[in-house]
Amino acid sequence: MTAHRSPAERADAGPPRDRPIETYPLPPEADGYPLVGSTVDVVRDPLGFYDRLATYGDVVRYETVIDTFTALLHPDHVERVLLEEPDRFEQYDFEAFGLGIDPEGLVDVDGEQWQRQRTLMQPVFTIDRVRSHADSMVEYAARTAAEWDDGQELALNEEFSALTLQILTRSLFDLEIDPRETDEVIALAARAFNEQLDPRNLTTFLPIWVPTPANRRFKRTYRAYRDRMDELIEQRRRSDEEADDLLTTLLHAEGPEGYTLSETEIRDNMMTFMFAGHDTTSLGLTYTFLLLAQHDDALARLRREHERVLGDERPTTEHLPELEFTERVITEALRLYPPVYMLFRRVTEPVVIGGYRIPEGTVVTLPQFWLHRDERFYDDPDRFDPDRWIESTEEVPDYAYFPFGGGPRHCIGMRFARLEMKLVVAVLARAFDFELLSDPDPDLSPGVTLRPDDDVRVRVSERST
Ligand code: HEM
């Protein structure tokens, strides 16, 4: 699957050691307007704007009112940032967008603090620990199936948001919640965080202290979310219960040299995981079923696999290795619709990438949504073709596919998410037919995650198995 090339063959073999960095040119810059640079283009069509950038090359600079950006449009450059030299590129804090909401959570911290937190939490995400949640994932998926009536019209995005939130809170926080009622606050917050970052909302470019109605609404929703997280933490503290889960680790774990988390770190991580762990997986499932609803052949093959491997049984971890086509369907859905569609990093010292000098302070962007459909690396990139992931079918370079990021900061929840998606698909795909009622090629909102603008609506019909 992976094309291995020698360093000399790569797009970015790095600068020769003896050449001073200042002698390298800046990357070509996308045409913009005086003062606001490319802001207008980004607001108008944030995803389509990347097609225009690509006409300048693989390393392209653009200005907005918020920052100077440089888009990196080659897998070798992505690899360099994420895997080879992560210390020269720090997390982008999104504070300029008013989104410094959980600054001491794992997604946002850097350096030693990140290392300590990651080391503390990593044991919660080993294969065995993650697999221990399989039965409850299947149970919640089966309950969702039991709730769906024959012929019912559903918004898949809402259904999967509720399901993944239940799975997450049960597995990581040992909490039973009813996301349709008591925890609407979490779903509302997820929507608000996304709207806050969507460049198509002009308010995105206004500081959070400007009292626009959108900013005031955002602050209210954020406060309600934070208070709810505090309540959940308190609830666990009062119960004296020591479950084998992430919340216990956050509250009680001791790392090397007696390292424990501060109150702010605990709360910020609760907020981080509650959002990062459900919004992403929910979208992954929504897009998987959006695609399956349009590809009868793939759905039929999935069902044949499920009948052969599972028979009448519920899926368990024993079945996982044999659910190969299911795995490929998920891999392909995350290629076409990566829920995390772009990574941002701030350059901490001048670097040369692809022969261009990138000054300190620049924000580099690594766009999955664009690289995952780059025809230099994928045949017929817009086609849904799970079989492209059969070993030896196509040679896809590392980092032309990175839905879970890469290097030391790759997604800590990747195994959890992939397991959950696989089990949920195995439960629901054989129980129902899906008739798509909404746009087969929905418009997408690029917020924190890549969401469909409108509900993905289907009519489900029960299958007699
Ligand atoms: C389909 C589902 C998911 C996708 C596509 C996804 C994607 C990603 C990506 C691309 C990153 C790297 C971000 C960066 O480098 O800036 C990331 C990091 C992270 N993800 Fe996920 N994720 C998913 C599910 C989950 C789940 C289920 C959890 C928690 C249970 C989770 C928790 C996190 C955390 C805490 C980080 C930060 C890791 C660090 O910086 O050390 N994610 N995720």
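As the structure lists them, so they are numbered: ligands from 1, and atoms in each ligand from 1. Just so you know, these numbers use all the heavy atoms, side chains as well, and skip hydrogens, waters and symmetry mates.
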Test of ring centre spacing under 6.0 Å for Phe289 and Phe160: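 Phe289 vs Phe160: aromatic centres under 6.0 Å.
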
Kindly confirm or rule out a cation-pi arrangement of [X] over [Y], judged by NZ or CZ under 6.0 Å from the six-membered ring centre and within 45° of its axis?
X	Y	value
Arg346	Phe344	no
Arg303	Phe432	no
Arg143	Tyr140	yes

At less than 3.5 Å, what protein N or O atoms come close to the N or O atoms of ligand 1? Include the distances to 0.1 Å.
from, atom 1, to, atom 2, distance (Å)
ligand 1, 15 (O), Arg345, NH2, 2.7
ligand 1, 16 (O), Arg345, NH1, 2.9
ligand 1, 40 (O), Arg409, NE, 3.0
ligand 1, 40 (O), Arg409, NH2, 3.1
ligand 1, 41 (O), Trp114, NE1, 2.7
ligand 1, 41 (O), Arg118, NH1, 2.7

Partners passing side-chain contact (heavy atoms from CB on, under 4.5 Å) against Ser438 (at least two apart in sequence or in another chain):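 Leu436, Val456, Arg457.
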
Side-chain ion pair, Arg237 and Glu263, N-O less than 4.0 Å: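 Looking at Arg237 and Glu263, the cut-off is met.
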
